[in-house]
Amino acid sequence: MGYDNITTSCFNMKHTIESAQPLTFHSDYDAANGILTYPKEDRIVTVRHSGDHEKGSLRVDRRDRKEVAGRFRLSDNMDKVYAYIETDAFMKGATARYPGMRLTLNDPWETTLCFILSQFNNVKRIRATTKSIINRFGPKIYSDGVLVGRGFPSTEVLQKRKVSDFVACGAGYRARYIKAAAEYCTENLDLESLRGKSYEDTKEELLTIPGVGSKVADCIALMGYGKLEAFPIDTWVKRTMERVYFGGRTKKEEAIRELAFEKWGRMAGYAQQYLFWHGRQQG
DNA sequence: ACCCAGGCGGGCG
DNA sequence: CGCCCGCATGGG
């Protein structure tokens with residue numbers, strides 16, 4: 001069994017894992033030892049991070065090298081990203097506080113399910129519910145004949161379950177959205193077919209999924225398809241934008257979106273992740 | 001007890 | 001259209 005070491009620069013595993021992205025909800029992270037595990041198709045991926053955010057390395061099974069490099073967007077040049085988005089003091093403060101926090105790139109259905117669950121919910125419970133769905137309905141994963149975990153359940157599998165099955169997982173009123181979205185993505189919309197489309201076209205298609213509105217569609221576009229111009233506006237982003245850039249005045253979502261596009265353009269997604277996480281910690 | 005959570009869909013004016 | 005409200009449930 002061979003391992004690869006992937007060298008990293010400007011990569012902080014802790015901030016990246018913990019910042020309410022799909023990995024926050026379905027991976028296991030041992031922060032003290034820098035060990036991350038998560039399911040990917042028929043394997044449990046294990047990543048050992050050493051070093052710091054400036055210079056470090058990731059030790060992975062050779063078979064997972066591409067998956068891990070893609071998942072953490074290691075080919076993004078963060079110096080360029082920061083140069084692009086640090087257009088004001090607040091954003092400079094945010095990037096200085098969480099240097100090396102990356103956006104992640106995840107499977108579209110996995111992302112869709114996580115963010116349907118995220119609506120009007122808190123991080124802890126989103127995680128508990130996601131884990132419960134995986135543990136009950138995910139395909140078993142074996143290594144050398146030993147059960148080592150479960151994978152992310154497909155739309156086909158979840159579409160066959162009852163709404164009450166998702167209630168039992170703690171999904172609350174979102175249970176019917178999960179059922180409907182799984183049905184819809186099995187019968188009417190192949191999420192794989194959206195790859196390669198523009199941000200605008202991707203979002204338009206995603207909005208036809210039951211339980212997916214503007215914010216969740218932007219999260220899927222950003223973290224499921226890598227559309228970096230997507231700018232999800234949730235309660236924290238709205239609150240922080242109003243406080244920092246609009247003198248505390250209440251603004252409509254469209255006005256906030258316009259300013260974000262002016263300030264951060266094609267890197268708005270990265271700006272949003274820093275704005276969200278920094279703003280959230282500040283209260 | 002009370003408020004809030006990475007919002008959405010439906011109904012009303 | 002735009003606005004407003006209910007929504008399941010657990011954590012702080």
Side-chain angles (χ1 to χ4, degrees), chain A residues 15-27 94 98 101-106 108 110-133 136 161-185 189 203-225 227-228 230-244 250-258 260 264 268-283:
Chain A
H15 297 333
T16 302
I17 300 297
E18 293 180 351
S19 56
Q21 299 189 239
L23 284 176
T24 307
F25 307 131
H26 76 254
S27 75
Y98 301 104
M101 180 169 70
R102 302 266 180 157
L103 282 170
T104 58
L105 181 57
N106 307 272
E110 169 183 311
T111 310
T112 300
L113 184 53
C114 285
F115 282 104
I116 284 176
L117 280 174
S118 78
Q119 60 162 95
F120 195 39
N121 206 346
N122 60 67
V123 170
K124 205 156 202 167
R125 202 159 75 99
I126 300 164
R127 179 179 160 82
T129 305
T130 305
K131 289 278 216 181
S132 178
I133 289 173
R136 290 174 199 229
R161 310 304 310 198
K162 292 184 291 185
V163 171
S164 59
D165 289 330
F166 303 123
V167 172
C169 293
Y173 74 95
R174 307 162 200 83
R176 61 194 167 87
Y177 295 153
I178 296 171
K179 166 83 173 173
E183 275 178 358
Y184 185 78
C185 291
L189 177 66
K203 181 170 181 180
E204 188 181 339
E205 296 273 7
L206 292 172
L207 284 172
T208 66
I209 302 172
V212 174
S214 180
K215 187 269 175 185
V216 170
D218 272 327
C219 283
I220 303 167
L222 181 61
M223 298 176 210
Y225 293 94
K227 301 300 179 190
L228 295 184
F231 189 83
I233 301 175
D234 73 315
T235 52
W236 291 104
V237 169
K238 182 172 189 295
R239 195 178 303 167
T240 305
M241 288 282 283
E242 287 168 348
R243 176 169 61 81
V244 176
T250 300
K251 285 288 172 182
K252 281 190 264 185
E253 186 177 311
E254 200 44 43
I256 293 172
R257 193 177 302 285
E258 274 177 33
W264 303 303
Y270 259 110
Q272 184 273 167
Q273 186 63 21
Y274 280 91
L275 190 72
F276 162 71
W277 199 237
H278 187 46
R280 194 175 182 276
Q281 310 309 317
Q282 293 192 154

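The chains referred to below are lettered A, B, ... by the order of the sequence lines, with proteins before strands, and numbering in each begins at 1.
- Nearest to the side-chain atoms of A:W236 among the listed nucleotides B:dA5, C:dG12, C:dC3 stands B:dA5.
- For B:dC8, neither phosphate oxygen OP1 nor OP2 lies less than 4.0 angstrom from any side-chain nitrogen or oxygen of A:S214.
- Protein atom OH of A:Y184 is 12 Å distant from nucleotide atom P of B:dG9, rounded to whole Å.
- In this entry the distance linking CD1 of A:I133 with P of C:dT9 reads 14 Å, nearest Å.
- Scanning both residues, A:P22 and A:T104, for their nearest heavy atoms gives CD-OG1, 4.4 Å.
- Listed candidates were C:dG10, C:dA8, B:dG7. Nearest to the side chain of A:N122 is C:dG10.
- For the pair A:R127 and C:dG11, the criterion of a side-chain N or O lying under 4.0 Å from OP1 or OP2 is not met.
- A residue-by-residue look at A:V237 and A:V212 shows that A:V237 has its nearest nucleotide of DNA chain B further toward the 5' end.
- A:N121 has its CG atom 11 Å from the P atom of C:dT9, to the nearest Å.
- The residue A:T24 sits apart from the nucleic acid: no heavy atom pair falls under 4.0 Å.
- Heavy atoms of A:E254 sit nowhere under 4.0 angstrom from any nucleic acid atom.
- Nearest-nucleotide positions on DNA chain B for A:G213 and A:R125 put A:R125 closer to the 5' end.
- Taking the side chain of A:V167 as heavy atoms from C-beta on, and the options C:dT9, C:dC3, B:dC8, the nearest nucleotide is C:dT9.
- For A:F120, counting side-chain heavy atoms from C-beta on, the closest listed nucleotide (C:dG12, B:dA5, B:dC8) is B:dA5.
- The pair A:D234-A:R280 does not count as a salt bridge, with every side-chain nitrogen at least 4.0 angstrom from each carboxylate oxygen.
- Distance CD (A:Q119) to P (C:dG6): 17 Å, rounded to an integer number of Å.
- Side chains of A:R125 and A:T129: a donor-acceptor N/O pair is absent below 3.5 angstrom, by distance only.
- Residue A:I116 contributes atom CD1, which lies 16 Å from atom C1' of C:dA8 at whole-angstrom precision.
- Atom CG in A:L206 sits about 12 Å away from atom P in B:dG9, given to the nearest Å.
- Atoms CZ (A:R176) and P (C:dG6) sit 15 Å apart, rounded to a whole Å.
- Comparing C:dG10, B:dC8, C:dC7 against the side chain of A:Y173 picks out C:dC7 as the nearest.
- A distance-only check finds a donor-acceptor pair linking the side chain of A:T16 to the backbone of A:R102 [under 3.5 Å].
- Inspection of the A:Y184 and A:T208 side chains reveals an N or O donor paired with an N or O acceptor under 3.5 Å.
- Between the C1' atom of C:dG6 and the OH atom of A:Y177 lies a distance of 10 Å, rounded to the nearest Å.
- Only the P atoms considered, C:dA8 is 15 Å distant from B:dG11, to the nearest whole Å.
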